[in-house]
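In what follows, chains are A, B, ... by sequence order, proteins preceding strands, each numbered from 1. It should be emphasised that the depicted structure is a prediction, and the values quoted were computed from it without experimental measurement.
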Amino acid sequence: VVPCTTMVTGYGENGLVPEAEQLFQAMPFHDVVSSNAMLTALCQNGLLDEGNELFNAMEEKDLATWSCMVAAFANHGDSLHAKLLFDHMPVLNRFSCTALLAAYSQSVEVEQAKVLFDSMPEKDIVSYSSLLATYAHGGYIDEAELVFSSMPEHDIVSTTAMIDGFFQAGRLDAVTHTFEMMPQKNSCTWITMLSGFGNHGRLQAAQKLFDALPEREEVAWSAMLSSYAQNGSFQEVFRQFDELKLVRLPDESCFVSFLVACSHTGVLSSGKNCFVSMSFDFQITATKQHYCCMVDLLARVGRLEEAHDLLINKPFVAE
RNA sequence: AGAUGUAGGAUGUCGC
């Protein structure tokens, strides 16, 4: 059971949920630790309903079980259920409290977060970091800086949260300084920097970061493309999208940026080709956003009937 | 004799 649990965790961390489930079913027996491992695999891969089902079916639950589930609701944006579940916990520790802090963070309830944080008997870098992120992301830059300077140590996560706060406050000088002082950075740090500069219209700075990326993963392309699209730099979107197609498969959000660029520049043929190719060549199902871009594009170039047809035939309710 | 498994914090797009 112990090696199986290790495997279930490993599968889950790498997004291999079916493999995790298969192994979990094949295990000689389940104890609370192995069930927690499976629960985590489900929740961290966005399968909240399946996770909830397993949670309800578990005969034995411990602090890890509850904390995992509270965090799952929080990360899913459902802070109401996170709080409800937290209130039903038989005992608490710093893990469960930090999970609830994340719920307060996502609903920007800074006062509640502070009260909870102050009431915690044991705090560590993760709980400090969570409070810091709540302030930083909510635009409470003074409070964020205070937490940052008073916490016992800094790591990549807390420093990246602080950078996010500086961006929210428009303190780009502090952003650059903090970034340069970091002894280590990870992909979240880079994406925070890149999209932060993009959101402030500093496209050259963003592009420079993109070029310097140690590893260009999907989110980096997505962040760069949407920065250009939102800034109206549509030629840059076309250029970057072509570059992207040479090295990896564009994801759904990259197609949105491309279609936005097509519609705003009125290039019907590229837009149409892209829309079709997305499903046929890339096996990506068109979402509401993609349909909106296409309707926009058709309408802009005067194909009102086609736009209307698409609006009628799209698999969504028109708004 | 000793050693192995699970839970909490920051990042793109859409939505809220």
Side-chain angles (χ1 to χ4, degrees), chain A residues 1-10 12-13 24 27 30-41 43-44 55 61-72 74-79 82 86 92-107 113 117 120 123-134 136-137 144 151 154-165 167 185-196 198-199 206 210 217-227 229-230 250-257 260 287-290 292:
Chain A
V1 173
V2 172
C4 284
T5 305
T6 310
M7 290 293 291
V8 167
T9 304
E13 284 171 353
F24 184 67
M27 287 172 68
H30 300 152
D31 60 8
V32 67
V33 176
S34 57
S35 300
N36 286 342
M38 189 63 234
L39 182 66
T40 306
C43 292
Q44 293 192 344
F55 178 81
K61 299 178 174 77
D62 64 6
L63 269 163
T65 321
W66 289 88
S67 304
C68 172
M69 211 58 220
V70 170
N75 294 331
H76 202 254
D78 192 347
S79 52
F86 183 84
L92 306 172
N93 67 358
R94 71 172 196 275
F95 286 81
S96 56
C97 290
T98 307
L100 186 64
L101 270 181
Y104 286 138
S105 176
Q106 95 89 27
S107 51
F117 181 81
M120 289 172 64
K123 304 172 170 88
D124 62 8
I125 189 165
V126 178
S127 39
Y128 270 99
S129 185
S130 188
L131 181 68
L132 163 64
T134 307
H137 205 70
M151 56 194 290
H154 296 154
D155 63 2
I156 298 182
V157 175
S158 52
T159 312
T160 303
M162 193 63 244
I163 287 177
D164 178 36
F167 268 124
K185 306 162 172 87
N186 67 12
S187 78
C188 287
T189 319
W190 286 95
I191 303 298
T192 301
M193 291 293 293
L194 199 163
S195 60
N199 289 336
F210 183 84
E217 24 167 27
E218 199 169 72
V219 288
W221 289 94
S222 156
M224 197 65 239
L225 278 164
S226 71
S227 291
Q230 281 173 20
D251 74 357
E252 164 194 314
S253 111
C254 296
F255 277 102
V256 173
S257 296
V260 166
T287 67
K288 202 188 278 187
Q289 306 166 60
H290 301 113
C292 283

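Residue A:Ile125 contributes atom CD1, which lies 14 Å from atom P of B:G9 at whole-angstrom precision. The interatomic distance linking A:Leu225 (CG) with B:G12 (P) rounds to 15 Å, in whole Å. With rounding to whole Å, A:Glu217 atom CD is found 14 Å from B:U13 atom P. Rounded to whole angstrom, the span from the NE2 atom of A:His76 across to the P atom of B:C16 amounts to 14 Å. Between the CD1 atom of A:Ile191 and the P atom of B:U13 there is a distance of 11 Å, rounded to whole Å. Atom C1' of nucleotide B:G8 and atom CG of A:Asp62 are separated by 13 Å, given to the nearest angstrom. The separation between A:Leu194 atom CG and B:U13 atom C1' is 14 Å, rounded to whole Å. Between the P atom of B:U13 and the CD atom of A:Gln289 lies a distance of 11 Å, rounded to the nearest Å.
Within the 4.0 angstrom heavy-atom criterion, no nucleotide atom of any strand lies near A:Ser96. A:Val70 comes within contact range of no nucleotide atom at all, as no heavy-atom separation falls under 4.0 Å. If you check every strand for non-hydrogen atoms under 4.0 Å, A:Ser227 touches nothing. A:Thr40 comes within 4.0 angstrom of sugar-phosphate atoms only, judged by non-hydrogen atoms across all strands, and of no base. Backbone-only engagement by A:Cys68 is indicated by non-hydrogen atom pairs under 4.0 Å involving sugar-phosphate atoms exclusively. Residue A:Thr192 is in sugar-phosphate contact alone, with no base atom involved, counting any heavy-atom pair closer than 4.0 Å across all strands shown. Across all strands, A:Ser127 comes closer than 4.0 Å to base atoms (heavy-atom distances).
Stretches of at least 3 consecutive Watson-Crick or G-U wobble pairs, with each checked distance under 3.5 Å, do not appear in RNA chain B at all.
With rounding to the nearest 0.5 angstrom, the OG atom of A:Ser105 is 10.0 Å from the CG atom of A:Asn75.
Between the side chains of A:Thr160 and A:Thr189, at least one donor-acceptor pair of N or O atoms lies under 3.5 Å. A side-chain N or O of A:Ser187 and one of A:Glu217 form a donor-acceptor pair less than 3.5 Å apart.
Judged purely by atom type and a 3.5 angstrom limit, A:Thr192 uses its side chain to pair as donor or acceptor with the backbone of A:Cys188. For the pair A:Asp124 (side chain) and A:Ser127 (backbone), a donor-acceptor distance under 3.5 Å is present. Although no hydrogens or angles enter the test, the distance criterion places no donor-acceptor pair under 3.5 Å between the side chain of A:His137 and the main chain of A:Gln106. The backbone N or O of A:Ile156 lies less than 3.5 Å from no partner atom in the side chain of A:Thr159, so there is not a single donor-acceptor pair. The backbone N or O of A:Ile191 sits less than 3.5 Å from a side-chain atom of A:Ser195, completing a donor-acceptor pair.
For the pair A:Lys123 and A:Tyr128, the cation does not sit on the ring face, since its NZ or CZ is not both under 6.0 Å from the ring centre and inside 45° of the axis.
Contact of A:Ser195 with B:G12 (side chain to base): no donor-acceptor pair of N or O atoms is detected under 3.5 Å. Below the 3.5 angstrom threshold, one finds no donor paired with an acceptor across the side chain of A:Asn36 and the base of B:G5. Judged by distance alone, with hydrogens and angles left aside, A:Ser130 brings no side-chain donor or acceptor close enough to the base of B:G9 to form a pair under 3.5 Å. The base of B:G9 is not paired with the side chain of A:Asp124 by any donor and acceptor separated by under 3.5 Å. Looking at A:Asn93, its side chain has no donor and acceptor atom pair within 3.5 Å of the base of B:G8. Residue-to-nucleotide contacts include no donor-acceptor pair under 3.5 Å from the side chain of A:Thr6 to the base of B:G5. Between the side chain of A:Ser129 and the base of B:G9, a donor-acceptor pair under 3.5 Å is found.
Stacking is not found between A:Phe95 and the pyrimidine-like six-membered ring of the B:G8 base under the 5.5 Å centre-distance and 30° plane-angle cut-offs.
Within the 4.0 Å cut-off from OP1 or OP2 of B:G9, at least one side-chain nitrogen or oxygen of A:Asn75 is found. Close to B:C16, at under 4.0 Å from its OP1 or OP2, lies no side-chain N or O of A:Gln106.
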